[in-house]
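First the structure, in the form of structure tokens, and then the observations on it.
In what follows, chains carry the letters A, B, and so on, assigned in the order in which the sequence lines appear, proteins first and then strands, with residues in each chain numbered from 1. Everything quoted here is computed from the prediction, not taken from an experiment.
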Protein chains: 2
Amino acid sequence: MTTPDPVAPPPDTSHQELIDALVQASFATMAVLSRIAAEHDLSLTQLRVLAILRDRRIKMRDLAGYLGLDKSTISGLVDRAEKRGLLQRAPNPADGRAVDVFLTGAGVALADVGADLVARCLDPMTSRLTMAESRRLAALLARAFEI
Amino acid sequence: MTTPDPVAPPPDTSHQELIDALVQASFATMAVLSRIAAEHDLSLTQLRVLAILRDRRIKMRDLAGYLGLDKSTISGLVDRAEKRGLLQRAPNPADGRAVDVFLTGAGVALADVGADLVARCLDPMTSRLTMAESRRLAALLARAFEI
DNA sequence: TATTGTTATACTCTATAACTATA
DNA sequence: TATAGTTATAGAGTATAACAATA
């Protein structure tokens, strides 16, 4: 098998060190977020919903877009969160087919607690860096991920 | 409400920019990994199992430890992967209670494909950086997360 | 016709509790 | 007694397909 692969070239392995670090750091970050969510009887997805709706009123369809999930999944997520009193549905005034979702007071309060906890629980990681390093890391991540 | 909170001090907000970047980059990375897994009819957890077992034969209990999941969850995960022919169980020679798990040939092959795909699919992010920046980002992540 | 959302269905993921077998 | 693993159970997350209402 000395002929080159005609379909796809071999992957560039020069960034392998970064890829491993990104994957490991991401899993560690997700573990922190999942633990915070679980401590408040939320799934990671529900915590994301709170974060997304924290300062927005959006359509179900757009919530599905932000989360990258099917609309039927959103119906279930919103059902459960609504039953818990964290958010509400309301008809979209401009489109008779669409349904808006937005946080209740309790939802906003929980979203605030969550954001605060995320900052606290990631502090062991962030505080290992100087402020200059912290800014540099944030800038590199922003450039790599175009955020 | 001018009295300070007696329970916990307010979180240090100086690293907020980094926290936001970390969370967003982590979700983006997880989305890539989830898509790769889904394209091969794997869950993200199953893809992690393949990566963990790629060069190891370990006990069920240790697999639970790596994944941070309950042992009963591992039983189900291993059941399904075993049924698909990706891994095997075998008695642990040193402990009559323990069960080892290890990849089959098909499991190793799929783990290799997965690792290759992860590198390819994160290439849009990594290739936005110079090699010097890539090394610097990897080093900063490694230091923050102690990996 | 296309889009938005819901519902029914099926499967996976996950934890808790109860159990067996071994240390 | 403590540990390793399985099973039963229950609930959440997820997608697909079929459907109703609106654009």
Side-chain angles (χ1 to χ4, degrees), chain A residues 27 30-31 33-53 57-102 110, chain B residues 27 30-31 33-53 57-84 86-102:
Chain A
F27 274 119
M30 286 299 140
L33 299 184
S34 297
R35 183 170 52 71
I36 291 171
E39 280 169 4
H40 289 84
D41 282 307
L42 296 168
S43 69
L44 183 54
T45 306
Q46 300 271 11
L47 187 62
R48 280 184 85 183
V49 169
L50 292 183
I52 291 167
L53 295 183
R57 166 184 176 133
I58 58 178
K59 294 190 282 186
M60 297 282 284
R61 188 211 179 240
D62 294 328
L63 186 53
Y66 281 122
L67 294 169
L69 299 172
D70 190 85
K71 56 189 179 172
S72 65
T73 300
I74 305 302
S75 286
L77 281 170
V78 169
D79 280 349
R80 289 183 288 273
E82 194 173 27
K83 220 166 275 176
R84 261 181 81 170
L86 297 176
L87 54 76
Q88 285 186 327
R89 282 173 165 100
N92 181 288
D95 186 336
R97 300 167 300 180
V99 172
D100 286 344
V101 265
F102 54 95
L110 190 49
Chain B
F27 274 119
M30 286 299 141
L33 299 184
S34 296
R35 182 171 53 74
I36 291 170
E39 280 169 4
H40 289 84
D41 282 307
L42 296 168
S43 68
L44 183 54
T45 306
Q46 299 271 12
L47 186 62
R48 280 184 85 182
V49 169
L50 292 183
I52 291 168
L53 295 183
R57 167 185 175 130
I58 59 177
K59 294 190 281 187
M60 297 283 284
R61 186 209 180 243
D62 294 328
L63 185 54
Y66 281 122
L67 294 170
L69 299 172
D70 190 84
K71 56 189 179 173
S72 66
T73 300
I74 306 302
S75 286
L77 281 171
V78 169
D79 280 350
R80 288 183 289 273
E82 194 173 26
K83 220 166 276 174
R84 261 183 79 171
L86 298 176
L87 52 77
Q88 285 187 328
R89 282 172 164 101
N92 182 287
D95 187 337
R97 300 167 301 179
V99 173
D100 287 343
V101 264
F102 54 96

Which nucleotide wins on minimum distance to the side chain of [X], given the candidates [options]?
X: A:Leu69; options: C:dC13, D:dA15, C:dA21; result: D:dA15
X: B:Ser75; options: D:dG5, C:dA15, D:dA15; result: D:dG5
X: A:Ser43; options: C:dA17, D:dA12, C:dT14; result: D:dA12
X: B:Met60; options: C:dT14, D:dT6, D:dG13; result: D:dT6

- OP1 or OP2 of D:dG13 less than 4.0 angstrom from a side-chain nitrogen or oxygen of A:Thr73, does that happen here?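 So the side-chain polar atoms of A:Thr73 never come under 4.0 Å of the phosphate oxygens OP1 or OP2 of D:dG13.
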Distance in angstrom units between [X] [atom1] and [N] [atom2], rounded:
X: A:Leu77; N: D:dG11; atom1: CG; atom2: P; value: 17 Å
X: A:Arg97; N: C:dA2; atom1: CZ; atom2: P; value: 13 Å
X: A:Arg61; N: C:dT6; atom1: CZ; atom2: P; value: 14 Å
X: B:Asp41; N: C:dA10; atom1: CG; atom2: C1'; value: 14 Å
X: B:Arg80; N: C:dC11; atom1: CZ; atom2: C1'; value: 9 Å
X: A:Leu44; N: C:dT12; atom1: CG; atom2: C1'; value: 17 Å
X: B:Asp70; N: D:dA10; atom1: CG; atom2: C1'; value: 14 Å
X: B:Met30; N: D:dG13; atom1: CE; atom2: P; value: 18 Å

Does the side chain of [X] reach to within under 4.5 Å of the side chain of [Y], using non-hydrogen atoms?
X: A:Ile74; Y: A:Val101; value: no
X: B:Asp79; Y: B:Arg89; value: yes
X: A:Asp100; Y: A:Pro93; value: yes

- Counting any heavy atom closer than 4.0 Å, what does B:Asp95 reach on the DNA or RNA strands: base, sugar-phosphate only, or nothing?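 Contact class for B:Asp95: sugar-phosphate only.
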- Task: Determine the contact category for B:Ile74: base if any of its heavy atoms lies under 4.0 Å from a base atom, sugar-phosphate if only primed atoms, P, OP1 or OP2 are that close, otherwise nothing.
- Result: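 Nothing, no heavy atom under 4.0 Å.
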- Quick one: the side chain of B:Thr45 and the base of C:dT14, do they pair up donor-acceptor inside 3.5 Å?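 Answer no: no donor N or O sits under 3.5 Å from an acceptor.
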- Query: Can you find a donor-acceptor N/O pair under 3.5 angstrom joining the side chain of B:Ser72 to the base of C:dT14?
  - Reply: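 Result: no qualifying N/O pair found.
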- Which residue, A:Leu42 or A:Lys71, contacts DNA chain D at a nucleotide closer to its 5' end, judged by nearest heavy atom?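 Residue closer to the 5' terminus by nearest nucleotide: A:Leu42.
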- Item | Residue A:Arg61 excluded, over 12 heavy atoms near CZ under 6.0 Å |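 Counting neighbours around CZ of A:Arg61, 12 or fewer heavy atoms of other residues, nucleotides or ligands fall under 6.0 Å, so no.
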- Item | Value rounded to 0.5 Å, distance of CD in B:Glu39 from OG in B:Ser34 |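 Answer rounded to 0.5 Å: 11.0 Å.
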